[in-house]
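The next block holds one structure in the form of structure tokens; read it before the comments.
Residue numbers begin at 1 in each chain, while the letters A, B, ... track the order of the sequences. All values reported here derive from a predicted model rather than from experimental measurement.
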Amino acid sequence: MILTQLGKYKINAWLGGGQFGDVYLAWDTILEREFAIKVARMREQDIVMLKDEAKLLASLNHPNIVRFFNIDIIEGKLVLVMEYIKGKSLRDMLTKGKLPCDKAIHYMVQMLDAIHYAHTRGVIHRDLKPENILITSDDTVKITDFGLGKFVREGSLSASIAGTPIYMAPEAWRGKFYQQSDIYSAGVIFYEMLTGKPAFLGDSLDDIREKIFNSYPPKVTIFNPKVPAHIDKVIRKAIDKDPEARFNTADEFKSAILSPGRKTGVAVEVVKSPTEVFEEEITLTPQQEEIINSDAPQILVLGGPGTGKTVTLIYRVAKLLREGEDPGSFLIVGFTRRAVDDMRTRLEHIIGKELRNLVIDTVHTLAYRILKHDGKRLGFKEDFSIINAWHVLRSIAKGEELSRLEAMLERIELYKANLISPERAKQLARSEWDHECAEIYDKYQRALKDKQMMDLSDLIYYSVQVLREPDIGTHYRDIYKWVFADELQDLTPAQYELIKLLAGGNIFFTGDENQSIYSWRGGMHRFRQRVERDFPQVKVYLLTNNFRIPKKILNAAQTLVSKIEGETHPSISLRETEGKIELQSYENESEEAWQVGAQIEELVKKHGFKFSDIAIIYRINAISSVFENTLSSFNIPYMLVEGETFYARREIKRCIKFLERLTTGSYQGMVDFIMWVLMLPKTYKKCFGIKNKQIMLKGELPNTLDKEKLTSYLERFNTILREPSQFGVSEILEIVLIDSGFVPKLKVAQEISDINRAYNLEELINAARSFGSGEIREFLNHIALLEELQVAQWGKDTVKLLTAHQAKGLEFKVVFLVSLTDDIFPLMRATLDPDELDEERRLFYVALTRATEHVYLSYPRLRYTRKMKPSRFLFELAGL
DNA sequence: TGGTTCCGGTTTTTT
DNA sequence: ACCGGAACCA
């Protein structure tokens, strides 16, 4: 039925529809004016006429609220008469993804003004959602449908669907509405404006409800690093489950957004990925489109850095998902945790929903899961532990010289990376050294298995063994119809084999032989032949358009790798800027560091770069110290991207050790641990003793200690020691780190390093919370696989100091590639072996191609008193 | 035997 | 400062 006339209203156009009803553009034939009228799609008996309420609504008059004129029942239909606004709804704007941060804030401020105005007049909106927020062409916000929910009879079908659940506060689900319920909805809308993703998503209503009641969405800054750090906290407060804990008024909410300053402590943003790919709409090239839409079941995509390999991979996955392929039949493997998290975020962004059944993981995580499930076939129980190879190796090869032991460990890793069993290693041994290594390897593997332990490379090695069992392999291959692996050049043969064994039909690989920088630990840098041999039907595509790297830099980098024998596939820069690449030599190291500092200062002060646009990249960690010192004397904020994994940090190690002790029941070091969390000086050590796995106080306690408080805390601590398994991991960590006062005290400490420790520990607690319930042992394994939580703080505006290896996969506007002498880059020992020299060359290539605008190359002429030769790679670069 | 204290030795080029 | 293992004690 098409409406043309409704009472005195002539219907001119349909403006939109929603759950409540349809909105029409109408002409009042009596007043001769345009109105928007909303005709409710509901039965008359479900409508309550609240005269006073209608009057109240009609009295609202605010620039950011759609004027409400009248409510009427015409021909048995509820009709709402409102001001007609030309504009789009926020919902329409959000379908194109997130809004720029300043725009989102601009809208938010107007919304909160409107909400505050209504609240002071006693009107609660009750159903704030993007559909109800109109935006005119001059970016004025107009909120519509204020308080209309009230006209629907409680308990009617319409009432129960009136609210849009994903924007509804938890208490609103129970039918309670406060002003804070609007604040909550505004917070959730703000979240969506900034990220382009709803804060709560789920497959079903129950699923959503569960999340709204029990969880908080990831931080905004994870999806959009450009958002100022304080916004995360503001949103978190606005959407607290407890209405009391939210902002009291919309005005308070507004000022919190606008004034980031009034806070104590140091704001550390936790941003897992520095990528800002979502900023622009991605335009795909015809080359990429061809790959994405290819019918070939087996695909290999080759292309240099910045040619969009990963994007192509993701868009192909997205395309297949849109065509209705089951997310559960996909397996996507990435090289690092960061790469994996990045891919998932991008993919979910494109698809617009969470993809929980879809497996995107690092090879190690994948392997861990396989072995937990099927490791029993090899004699491993479900609760095997992941350990650090070094300690065990040392204990079984006592008396070995450390340098030899180190070499042996390297050899063992290579055996496993190439799927060579201890028996085979013995057969292959030619020299005395080979025999020794093979012997130790055998011993080491037996020792680990005895203790139900595995190191990281065992995860891969044993998974391959398990998957070679026909029944198990078939089982997985039946599941994974679509297998994708990124960065093939850095995978070891064992990892590649693992992926192959899982692939049940279609494969999609990407890689770049020129970016292979891990062959020293088994990465197979010549992967193309191998893929073509294993998959004779494979279709090979080349990506030759470069989106990231400007011409000059790209040319220099490509000239460098063209010296390497073998195939290269150069790309052509699509960037408009030429780019800049400069070489400087300096008297010595400190002069070099000083000049770099001066240039950074100038780039920031005169040329508008941010510190976070800049990276200093070097070959080895030892180089960093000169630069650290100089940067601090320049007052340039910097961040050292440590080689240390999160897991290796002192405070984290200590906690992990503690958890480990809980699982083994050997409580050595407990007294030290509890003194550490209670921040007691060592002198009090004699006051504590351990008896029957319980910490006791003994002897005279100094007056400085509050005996009662201490005793009651020890009581709690001891309950953990008695029955660790009664507690969840996060519970244990909370009692030990937070309730002890440790983290709270660290947070307000003077030292930045203490504050950072506090954040690291909080990060650990978060990891435990999101890990959920599970054995302590399992949590420890889980942590061991999270290689790089350390990238917390990426969002801070600091210059990054990092090695060329660490720089892989990152990009910066300005790169200072420093200390380019012929003994450091390439490393002296690599110059003797042509293969190793090539790897150094590729590493140099990787470092150069991190830059999207400027590259500054430099080297010191003297190191200490020794004369240095410039890196041979400098001579190879074009135009220098 | 299990629990506690004492003693001595400490990986780096790149994950 | 920290950890593993030997030595020592109930």
Side-chain angles (χ1 to χ4, degrees), chain A residues 335-339 362-364 387-410 413-414 417 455-457 460 487 490-492 495 516-523 617-624 641-651 653-658 660-661 664-673 675-676 681-682 685-686 688-696 698 721 784-788 790-791 802-809 819 823-831 836 839-844 846-847:
Chain A
F335 182 59
T336 61
R337 185 95 239 148
R338 193 179 59 226
T362 62
V363 215
H364 287 104
I387 49 95
N388 179 326
W390 184 253
H391 296 295
V392 183
L393 190 64
R394 269 195 37 195
S395 65
I396 62 162
K398 271 184 223 135
E400 276 294 349
E401 240 178 84
L402 287 175
S403 57
R404 270 169 56 89
L405 212 51
E406 211 181 305
M408 283 174 165
L409 183 58
E410 209 166 281
E413 298 280 314
L414 282 176
D455 66 23
L456 285 175
S457 37
I460 311 293
E487 312 253 43
D490 290 324
L491 297 185
T492 64
Q495 291 168 336
S516 157
I517 57 176
Y518 287 114
S519 61
W520 52 273
R521 56 167 204 203
I617 298 179
Y618 35 77
R619 177 64 178 84
I620 56 175
N621 272 319
I623 302 297
S624 70
V641 178
E642 287 161 284
E644 253 184 358
T645 56
F646 175 77
Y647 169 72
R649 296 199 167 181
R650 278 212 137 63
E651 61 276 12
K653 253 186 171 164
R654 238 179 139 147
C655 295
I656 286 172
K657 193 85 225 166
F658 164 72
E660 234 159 39
R661 288 273 143 94
T664 59
S666 114
Y667 288 178
Q668 185 201 76
M670 273 306 167
V671 170
D672 289 308
F673 183 79
M675 288 178 60
W676 179 61
K682 288 269 168 208
K685 182 151 183 188
K686 56 182 184 304
F688 294 87
I690 177 161
K691 280 270 171 303
N692 296 324
K693 306 205 165 185
Q694 298 285 282
I695 306 241
M696 317 293 247
K698 63 177 188 191
L721 297 189
L785 293 171
L786 292 181
E787 307 146 68
E788 42 182 309
Q790 95 267 12
V791 199
L802 67 179
T803 64
H805 281 91
Q806 290 164 336
K808 182 180 175 16
S819 213
D823 59 341
I824 297 287
F825 207 162
L827 285 176
M828 177 100 76
R829 51 164 280 195
T831 57
E836 281 186 49
E839 177 137 322
E840 296 283 314
R841 196 178 270 110
R842 292 193 296 266
L843 185 58
F844 202 110
V846 167

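Between A:Glu406 and A:Glu840, the one whose closest nucleotide on DNA chain B sits nearer the 5' end is A:Glu406. Sequence order on DNA chain B of the closest nucleotides to A:His391 and A:Glu410 puts A:His391 first from the 5' end.
Under 4.0 angstrom from either OP1 or OP2 of B:dT11 there lies at least one side-chain N or O belonging to A:Arg394. Between A:Arg521 and B:dT14, a side-chain N or O to OP1/OP2 separation shorter than 4.0 Å is absent. A sub-4.0 Å separation between OP1 or OP2 of B:dT15 and a side-chain N or O of A:Ser457 is absent. OP1 or OP2 of B:dT14 sits under 4.0 Å from a side-chain N or O of A:Asn621.
No side-chain heavy atom of A:Glu487 sits less than 4.5 Å from a side-chain heavy atom of A:Tyr518. Residues A:Asp455 and A:Asn388 form no side-chain contact, since every pair of their non-hydrogen atoms from C-beta on lies 4.5 Å or further apart. With contacts defined as side-chain heavy-atom distances shorter than 4.5 Å, the pair A:Val671/A:Met675 qualifies. Inter-residue side-chain proximity for A:Glu840 and A:Arg619 is flagged as met; some heavy-atom pair is nearer than 4.5 Å. With contacts defined as side-chain heavy-atom distances shorter than 4.5 Å, the pair A:Ser819/A:Phe825 does not qualify.
Closest to the A:Arg661 side chain, of the nucleotides C:dG4, B:dT15, C:dC2, is C:dG4. Comparing atom distances between the A:Lys657 side chain and each of B:dT15, C:dG4, B:dT11 picks out C:dG4 as nearest.
DNA chain B contains the following stems of three or more consecutive Watson-Crick or G-U pairs, with both distances under 3.5 Å: B:1-10 with C:1-10.
Using C1' as the reference atom, B:dT15 and B:dT11 are 14 Å apart when rounded to the nearest Å.
At the heavy-atom level, A:Ile620 lies under 4.0 Å from the strands shown only through sugar-phosphate atoms.
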For this session: Heavy atoms under 4.0 Å is the rule here; annotate nucleotides 2-8 of chain B 5' to 3' with B where the base is hit, S where only the sugar-phosphate is, and - elsewhere.
Result: -SSB---

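A salt bridge is absent between A:Arg654 and A:Glu651: the closest approach of a Lys/Arg side-chain nitrogen to an acidic carboxylate oxygen does not fall below 4.0 angstrom.
Between the CG atom of A:Asp672 and the C1' atom of C:dG4 there is a distance of 14 Å, given to the nearest Å. Counting to the nearest Å, the P atom of B:dT14 and the CG atom of A:Asp490 are 17 Å from each other. Across the protein-nucleic acid pair, A:Leu491 atom CG and B:dT15 atom C1' stand 13 Å apart, rounded to whole Å. Following rounding to the nearest Å, A:Glu839 (CD) and B:dT14 (P) show an atom-to-atom distance of 14 Å. We find that CG of A:Leu414 is positioned 17 Å from P of B:dT14, with the value rounded to whole Å. To the nearest angstrom, P of B:dT15 lies 9 Å from CD1 of A:Ile517. One interatomic measurement links the two molecules: CD1 of A:Ile396 to P of C:dG5, which rounds to 12 Å at whole-angstrom precision. Taking atom CG of residue A:Leu802 and atom C1' of nucleotide B:dT14, one finds them 13 Å apart after rounding to whole Å.
You cannot call A:Tyr518 stacked on the base of B:dT14; the centres under 5.5 Å and planes under 30° rule is not satisfied.
The two residues A:Asp490 and A:Lys808 have their closest heavy-atom pair at OD2-CE, 2.5 Å. Closest heavy-atom contact between A:Ala784 and A:Leu456: O-CD2, 4.5 Å. Minimum heavy-atom separation, A:Ile620 to A:Thr803: C-CG2, 4.3 Å.
With sequence neighbours excluded, the residues that form a side chain to side chain contact (heavy atoms under 4.5 Å, CB included) with A:Glu406 are A:Trp390.
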